[in-house]
Amino acid sequence: MPCNSPENSEITEEIDDSTSDENSTGTESCSNSENDDYSDVDTDSEDENTDSYDELLYAGAPITVAESMLSILSLAHRFNITGTLMSSILSLIELHCIKPNNCIPSIYKLKKIFENIDKSIRRHAYCSNCESLMDDDFCKICNVQSTDSNYFIEIPIISQLESMFKRPQFLELLQYRFHRVKENEENYEDLYDGSINKSLPVNFTDNPNNVTFTWNSDGFPLFKSSKFSIWPLYLIINELPYSHRIAKKNTIVAGLWFGSKKPAVNLFLSVFEPDLQNLFNGVNFSVPNEDQKVKVRGLIACGTCDLPAKAIFLNLQQYNGKNGCPHCEIETIKIDNKYQTYPYIENIVLRTTDSTNAYAKDAGRLQKPVCGVKGPNYLKIIAYDFMNGTNIDSMHCVYQGVTKKLMCIWFDPDNVSHNASLFHAVNFIDYEIKKITPPSFANRLPRTVLDFKYWKASELRTFLIVYSLPVLKNYMNVNFFEHHKMLVYAISLLNCSSISIEMIEKAKILLREYVNQFRNLYGQKFSTCNIHLLLHLSNDVEKFGPPWALNCFPFENFNGLLKKYVFGSNRPQLQISSSITECVNMQEMKSDYIKKDSDVYFFCNRIEKLGTHRRRLQKLNENMFIVGKSVKNMKLEKFIEKCFNDHGINFDHKKLHTYQKLIKHNVYYETDSVSEKKKSNSSCITYLVQDKVKFGIIKSFVKMCNCQCYFQCYECNEQCKNYAIVVPKEVEKTYYCPLTNEYIPHFYSCIYDKNEPNNKEDEYVLVELSDILDVCYLICTDKNQLIVKRINKYEAEV
């Protein structure tokens, strides 16, 4: 390939555009018109001939019937196309094809290929009076005939898992736990390092074909004008790498409970026992490039959900009950005959699986709750360790719970008389927070604290860990600020990429003191269950690894995706289950009918990536890409020349190209000149100098070519060297924590003289791209400039 051929060397890939808002998965996509449900638009009854899938779409066509169908349905799922529009698209495609052709003329025929409801979906009718399964739509206990509304849906777990194993490289991805490279062998860096995973049978976890699941369930409403809600039961595969683990295509939707009431959980879970028992015993699956089937075993190892759902599925009292904590046996205190609060107790008696089973038996005998346990639950049967294996969800507890409660006290006008209220300084705090330009990986841009009730969990997370200390420091009472630092420090420690035993113990001390002081500073009535649960967070890290590895963020995104499958009020549960079945069968058909590296293969993979935008990338190596084009400058800026000269690097200015944007290990970097034009800033970085971490601002990216290409060089990367021109920042640690006698490690204050210019030529340094570590937050206040390091790179993926 000619080295000076840019059209052959540039590639186009999908990358996350994190500067935009989060996926609009929370928006309703329903319509008042039932005809918009395109599963019911056409009702042709002709049988489909699967032998024709490999036939060309028409004589001389570049794609087959199967490739055409998969491309069309991928487009429909990606853009949430309604039935009316889909029907028109099919007609339009047929108009463009030579006749006679094998085009799919109707939506019914298209969907018929991808779903077989009688085979893939099981409906379970139940009696609403006694909540027992019915035989032949008749309840023998109550002598009642069933109605259409009294049923729930099971989507077989084994068939979904089987389709995953048929995908290329899926079995290879399951080996991640065996070959992952840890930062520190002794630290907690994923689920596999926790005691729950280590308590599983060794002969089970050591087998490379076996899988373990995390379960989750929570109800969400479909329509604003109705109480109708859906309760999906999700299973994600723990053995996959984190980014694959939380992907939609690797998520099993085991069942759907729907209606205006909360699910009868024991009834709901009972139907999954046969599949899970068969899977635990072992099921043989076909895998690509293997003549013989492999035996796969699986079990539910852990689970996570919010407090209300946890109480339902564990059959416990709700969090506002007398023994409402799902993790210990503490008794609440009622204040003013109104507020159910949690006292601070040093020695807490933890719940165990054995004690919970004993209390469940007593509760069944006495017909009343015993120590908060209302009775037996079916998780005991289908999960490995239902009580110890259910964690505290940091999304609901720490961010939507504790952080939102604090913001309510600080910024809600109803609490203006509270000693901790900051309502008088809201305008000043808003001024500070709106000046922040976060890196592109931030899910949302900062907005007014007066809208905190509408903030997403990701906004609350960023505010707590990154923004709160810089923007509140000058306005919050010193006692409250010192108290708040303990929370920020502890949560930061527990959410790092690599967590040591010492970090867990340090966080435990901080959280104990935080909860102990909370009642005195904020009042006992605000000591809610979420405040109390902070005492259990450190223990959960020892059991499950870092909180980012097991929380509800991905499941909330899945709920939003399920909403997109509903187009009308006509049996939305069937619309959702039908779409799930399509997705499962689409993945299976792709491996059977689409050749890897074909145009259709790339189209389907690209179109299915939600929340991404097209960008032009120029490949430097497997992990680095130039975004956009590099430009050859006939006259270089002086600071670039000086940087090369100071480092003793000889160069030909005709062979130097500059560029402004870079992707490295899926992290986006840009120069400060680009950041000045945007509401985000990805120019502040950490980099290595002789094994020491330094901070700086990217001024330019430079590509130095040593080839003989006359025109702009793109392909001679092995003969090129790439550098970043960086303005170094001298920093010092800030936000000292007296309790631990140290500084919070991810905050740094820049040292500079305001009277001195910050763009001297001798302040630029040359940094090789391999030495760039990560992007940081750059927060500028009226009195200081702070750099905040990311505590981990995983939470930006959800």
Side-chain angles (χ1 to χ4, degrees), residues 14 16 157 160-216 234-252 279 282-283 285-290 294-304 384 389 391 495-499 541 543-551 553-555 557-558 587 591 596 605 609 622-623 664-667 792-798:
E14 297 286 352
D16 290 335
I157 296 170
Q160 293 184 68
L161 191 62
E162 183 179 20
S163 68
M164 294 179 186
F165 271 84
K166 288 184 178 180
R167 294 187 216 143
Q169 298 183 331
F170 181 81
L171 186 58
E172 181 181 341
L173 287 172
L174 289 180
Q175 315 313 311
Y176 163 73
R177 64 193 187 278
F178 298 121
H179 57 70
R180 65 188 174 117
V181 179
K182 297 184 62 176
E183 296 179 32
N184 188 308
E185 282 298 323
E186 303 300 321
N187 287 3
Y188 296 87
E189 298 182 4
D190 208 334
L191 281 169
Y192 325 113
D193 303 318
S195 60
I196 293 297
N197 186 78
K198 292 179 179 179
S199 68
L200 300 175
V202 175
N203 61 348
F204 187 94
T205 55
D206 283 353
N207 191 313
N209 301 329
N210 293 346
V211 295
T212 61
F213 301 111
T214 294
W215 70 268
N216 171 271
Y234 297 114
L235 298 176
I236 62 173
I237 301 171
N238 299 329
E239 284 66 32
L240 293 171
Y242 182 75
S243 59
H244 295 270
R245 192 184 311 164
I246 63 175
K248 178 185 72 171
K249 66 179 181 179
N250 295 324
T251 302
I252 294 174
L279 189 56
V283 180
F285 288 155
S286 297
V287 295
N289 305 320
E290 293 289 339
V294 298
K295 185 177 181 179
V296 178
R297 297 179 64 200
L299 59 81
I300 296 178
C302 48
T304 186
Y384 185 75
N391 85 324
N495 280 274
C496 287
S497 300
S498 183
I499 306 169
V541 174
K543 291 198 295 183
F544 303 100
W548 53 257
L550 187 63
N551 59 37
F553 277 102
F555 298 111
N557 286 339
F558 298 152
Q587 296 296 335
S591 60
K596 191 175 180 180
N605 283 351
K609 293 184 178 180
E622 291 301 321
N623 299 313
K664 179 184 176 184
H665 293 292
N666 296 320
V667 179
N792 69 67
K793 297 182 181 180
Y794 299 97
E795 290 185 307
E797 299 184 29
V798 284

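These figures come from a predicted structure and were not determined experimentally. Sequential numbering from 1 along the given sequence is applied to the chain's residues.
Under the 4.5 Å side-chain criterion, counting only non-hydrogen atoms from C-beta, Asn238 is in contact with Cys302. Taking 4.5 Å as the limit, some side-chain heavy atom of Leu173 sits within range of a side-chain heavy atom of Pro241. Between Thr304 and Phe544, the closest side-chain pair of non-hydrogen atoms is not below 4.5 Å. For the pair Leu299 and Leu200, the minimum side-chain heavy-atom distance is below 4.5 Å. With a 4.5 Å cut-off on side-chain heavy atoms, Ile237 and Met164 count as touching. The side-chain heavy atoms of Val541 and Pro547, taken from C-beta on, include a pair separated by under 4.5 Å. No side-chain heavy atom of Ile246 sits less than 4.5 Å from a side-chain heavy atom of Phe553.
For the pair Gln175 (side chain) and Leu171 (backbone), a donor-acceptor distance under 3.5 Å is present. When atom types are taken as modelled, the side chain of Asn210 and the backbone of Arg297 share a donor-acceptor pair closer than 3.5 angstrom.
Of all non-hydrogen atoms in Asn209 and Leu174, the two that sit nearest each other are O-CD1, 4.5 Å. Heavy-atom minimum distance, Tyr242 versus Trp548: OH-O, 3.2 Å. When all heavy atoms of Lys166 and Pro288 are compared, the pair lying nearest together is O-CG, 3.1 Å. A pairwise comparison of heavy atoms in Tyr794 and Ser497 identifies CE1-OG, 4.1 Å as the closest pair.
The only member of Thr251, Thr214, Asp190 that meets side-chain hydrogen bond (donor to acceptor under 3.5 Å, both in side chains) when paired with Arg245 is Asp190.
Remark: Gln169 engages Glu172, Lys596 in a side chain to side chain contact (heavy atoms under 4.5 Å, CB included) (not counting sequence neighbours). Every residue two or more places apart in sequence or in another chain was checked for a ring-ring contact (aromatic ring centres under 6.0 Å, His included) with Tyr188, and none qualifies. Take Tyr192 and apply the ring-ring contact (aromatic ring centres under 6.0 Å, His included) test, not counting sequence neighbours, and it matches no residue.
Residue pairs meeting the salt bridge (Lys or Arg N to Asp or Glu O under 4.0 Å) criterion with at least one member in residues 201-214: none, sequence neighbours excluded. Evaluation of the ring-ring contact (aromatic ring centres under 6.0 Å, His included) test over residues 162-186, restricted to residues two or more places apart or in two chains, returns Phe165-Phe170, Phe165-Phe285. Counting only residues at least two apart or in different chains, side-chain hydrogen bond (donor to acceptor under 3.5 Å, both in side chains) contacts with residues 193-205 comprise Arg180-Asp193, Lys182-Asp193.
Defined by atom type and a distance below 3.5 Å, a donor-acceptor pair is present between the side-chain atoms of Thr212 and Glu239.
To the nearest 0.5 Å, atoms CG (Asn551) and CG (Asn216) are separated by 10.0 Å. The distance from the CD atom of Gln160 to the CG atom of Asn250 is 11.5 Å, given to the nearest 0.5 Å.
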* Residue pair Lys793, His665: steps toward the side-chain contact (heavy atoms from CB on, under 4.5 Å) verdict -> CA-CA 11 Å; Lys793 297 182 181 180; His665 293 292; 5.8 Å; no
